[in-house]
Amino acid sequence: MKTIYLDHAATTPIDPRVLSAILPYYESKFGNASSLHWAGREAKEALEKARETVASVLNADRKEIVFTSGGTESDNLAIKGVAYALKGKGRHLITSAIEHPAVLESFKALQEEGFKVSYIPVGRDGIVDVGRLEEEVRPDTILISVMHANNEVGTIQPIEEIGEIAERNGVCLHTDAVQTMGKLPIDVEKLKVSLLSISAHKIYGPKGVGALYVKDGVKIRPILHGGGHEGALRSGTENVPGIVGLSFAAETAVREMDETVRKMRSLRDQLIKGILEQVPGSSLTGHPVKRLPNNAHFCFPGVEGESLILTLNEEGIAASTGSACSSKKKEPSHVLLAMGLDPITAKGSLRLTLGRWNSEPEIDYTVDAVAKAVEKLRRISPITH
């Protein structure tokens, strides 16, 4: 069966060049970076070289990079770490209603500990209400966390504008940039962020490794305790092969971004145009222009998203309804509900996310398959009867 992978927001295949860079650290360069002997020094050198590379692509200093197990841990460390470190100053936090579960669940956990959280609404296009966010800032606000771009609908958030608000009020700003590296320019100085999360497996690197940028001077407490690795902010033996893979993938993603974005944007527009023309009643969700170059997210009234995913799977197409981290939840997407969609429409969603190696024939095949699948499901759907 012909297979087409269109779920790159969930994870990407590993780049063969990244795999080649990693393999020596599983085979001959296997030392523990904390060991004092030659093998340990070899691993330590690789670790610090990787830190330098990741810092460079973010326009940060190497001392501001903390390696973690991925985006979820980076988000947890940023949010809980700052909250615990600054709770003497205040216990009020701000985030948006459409964040990734790694962020929203961190805030919920802090609420259970007595912190107060303001959830900022978004418009129909998925953009955070910046005016409302500024109104919510108060003397005891210690942290704002808004994602760089939404993982479901691809809407890009005005982080620079939010960064100016945070800076004026002396509040730390964290952004989850897991979906944007290699698709949007990321410069921590221009974005005016205090903390920023990235993950390797979204940029053709290995799973299980990520990084958190922590601006010099930001007070943050560890949430994992042990041997004091990573500047005492993230104890645990460093995943040197994964970190080497992360740095190689990040450097490659940034170096090749212009070419990759140009190709993905062209395919995305072909996909959107094809589906909107061939599927009656379909609609594009998220902002029509301020969206990731690889994201096409639709709603199809009268169709259930999960059934559509399974039908497309029978045609060899890998897609999703939204966040892979929420795929086991039965409720409609919290992102779509926050954007004002009704629950039935929200359940009929489809997310197609492109990658480096997709092609025009694959898009043509997908448009045709989606049109046939929606027509078939509408004929048998109880929603339309």
Side-chain angles (χ1 to χ4, degrees), residues 1-13 150-155 179 201-202 204 263-286 291-337 339 341-385:
M1 179 175 67
K2 180 178 183 177
T3 57
I4 298 173
Y5 187 75
L6 292 175
D7 199 15
H8 291 84
T11 195
T12 52
N150 184 262
N151 54 305
E152 292 189 28
V153 299
T155 296
Q179 293 290 344
H201 77 105
K202 309 291 189 178
Y204 307 89
K263 179 184 176 185
M264 290 194 302
R265 185 179 289 136
S266 174
L267 294 177
R268 178 202 66 184
D269 292 346
Q270 178 188 346
L271 183 60
I272 291 172
K273 183 173 185 290
I275 287 182
L276 294 181
E277 285 180 353
Q278 295 194 32
V279 185
S282 59
S283 61
L284 181 70
T285 50
R291 68 183 308 126
L292 290 173
N294 72 325
N295 178 294
H297 189 280
F298 305 91
C299 280
F300 304 104
V303 170
E304 188 157 84
E306 286 184 9
S307 300
L308 181 55
I309 299 304
L310 295 174
T311 305
L312 291 175
N313 184 58
E314 292 174 1
E315 301 300 322
I317 298 170
S320 64
T321 55
S323 169
C325 296
S326 301
S327 61
K328 293 181 180 178
K329 296 180 179 177
K330 299 298 182 186
E331 299 82 13
S333 158
H334 71 284
V335 174
L336 299 181
L337 295 182
M339 289 166 58
L341 276 70
D342 65 80
I344 291 177
T345 302
K347 293 210 75 168
S349 63
L350 174 69
R351 181 183 71 176
L352 300 169
T353 46
L354 300 150
R356 283 179 188 162
W357 297 301
N358 288 126
S359 64
E360 288 187 16
E362 288 182 338
I363 300 305
D364 290 337
Y365 179 88
T366 300
V367 169
D368 187 55
V370 170
K372 290 176 180 174
V374 171
E375 183 182 7
K376 173 185 172 183
L377 291 172
R378 279 177 174 164
R379 281 201 306 268
I380 60 175
S381 172
I383 300 173
T384 56
H385 291 79

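The side chain to side chain contact (heavy atoms under 4.5 Å, CB included) with Arg268 is formed by just one residue from the set Arg265, Met264, Gln270; it is Arg265.
Proximity of Ser282 to Val374: side-chain heavy atoms (C-beta onward) are nowhere separated by under 4.5 Å. Residues Leu337 and Leu341 are not in side-chain contact: their nearest non-hydrogen atoms beyond the backbone lie 4.5 Å or more apart. The side-chain heavy atoms of Lys347 and Ser333, taken from C-beta on, include no pair separated by under 4.5 Å. Side-chain atoms of Thr311 and Glu315, non-hydrogen and from C-beta on, never get closer than 4.5 Å to each other. By the 4.5 Å heavy-atom criterion applied to side chains, Ile272 and Phe298 are counted as neighbours. Contact annotation: the side chain of Phe300 approaches that of Arg378 to within less than 4.5 Å [non-hydrogen atoms, C-beta and beyond].
The main-chain N or O of Gly316 is never found under 3.5 Å from a side-chain atom of Thr3 such that the two would form a donor-acceptor pair. Between the His8 side chain and the Gly355 main chain, a donor and an acceptor come within less than 3.5 Å of each other.
Ala319 approaches Leu350 most closely through the heavy-atom pair CB-CD1, 3.8 Å. Between Ala369 and Ile317, the closest heavy-atom pair is CB-CD1, 3.6 Å. Minimum heavy-atom separation, Met339 to Gly286: CE-N, 3.6 Å. Between Ser320 and Asp7, the closest heavy-atom pair is OG-OD1, 3.1 Å. Shown here for Cys299 and Pro301, the closest heavy-atom pair between the two residues is O-CD, 3.7 Å. Here the closest heavy-atom approach between residue Leu308 and residue Ala373 is recorded as CD1-CB, 3.6 Å.
Atom OG of Ser359 is separated from atom CG of Asp364 by 8.5 Å, given to the nearest 0.5 angstrom. Taking CG of Leu354 as the reference point, atom CD1 of Ile363 lies at 5.0 Å (rounded to 0.5 Å). For the atom pair NZ (Lys263) and CD (Glu360), the distance works out to 9.5 Å, reported to the nearest 0.5 Å. Going from atom NZ of Lys202 over to atom OG1 of Thr11 covers 6.0 Å, rounded to the nearest 0.5 Å. Put simply, OG1 on Thr321 and CZ on Arg351 are 8.0 Å apart, with the number rounded to the nearest 0.5 Å. Rounded to the nearest 0.5 Å, atoms OG1 (Thr366) and CG (Leu352) are 7.0 Å apart.
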CA sep, side-chain torsions, deciding dist, call: Asp368, Gln278, side chain to side chain donor-acceptor pair (under 3.5 Å): CA-CA 8 Å; Asp368 187 55; Gln278 295 194 32; over 6 Å; no
Could you go step by step and tell me if Gln179 and Leu292 meet the side-chain contact (heavy atoms from CB on, under 4.5 Å) rule? CA-CA 8 Å; Gln179 293 290 344; Leu292 290 173; 4.0 Å; yes
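Using modelled atom types, one finds no donor on one side chain facing an acceptor on the other under 3.5 Å when comparing Asn294 with Thr353. Counted by atom type alone, Asn295 and Glu152 present zero donor-acceptor pairs between their side chains at under 3.5 Å. The closest side-chain donor-acceptor pair between Arg291 and Thr155, if any, does not fall under 3.5 angstrom.
With Tyr204 as the aromatic partner, Arg356 meets the cation-pi criteria of under 6.0 angstrom to the ring centre and within 45 degrees of the ring axis.
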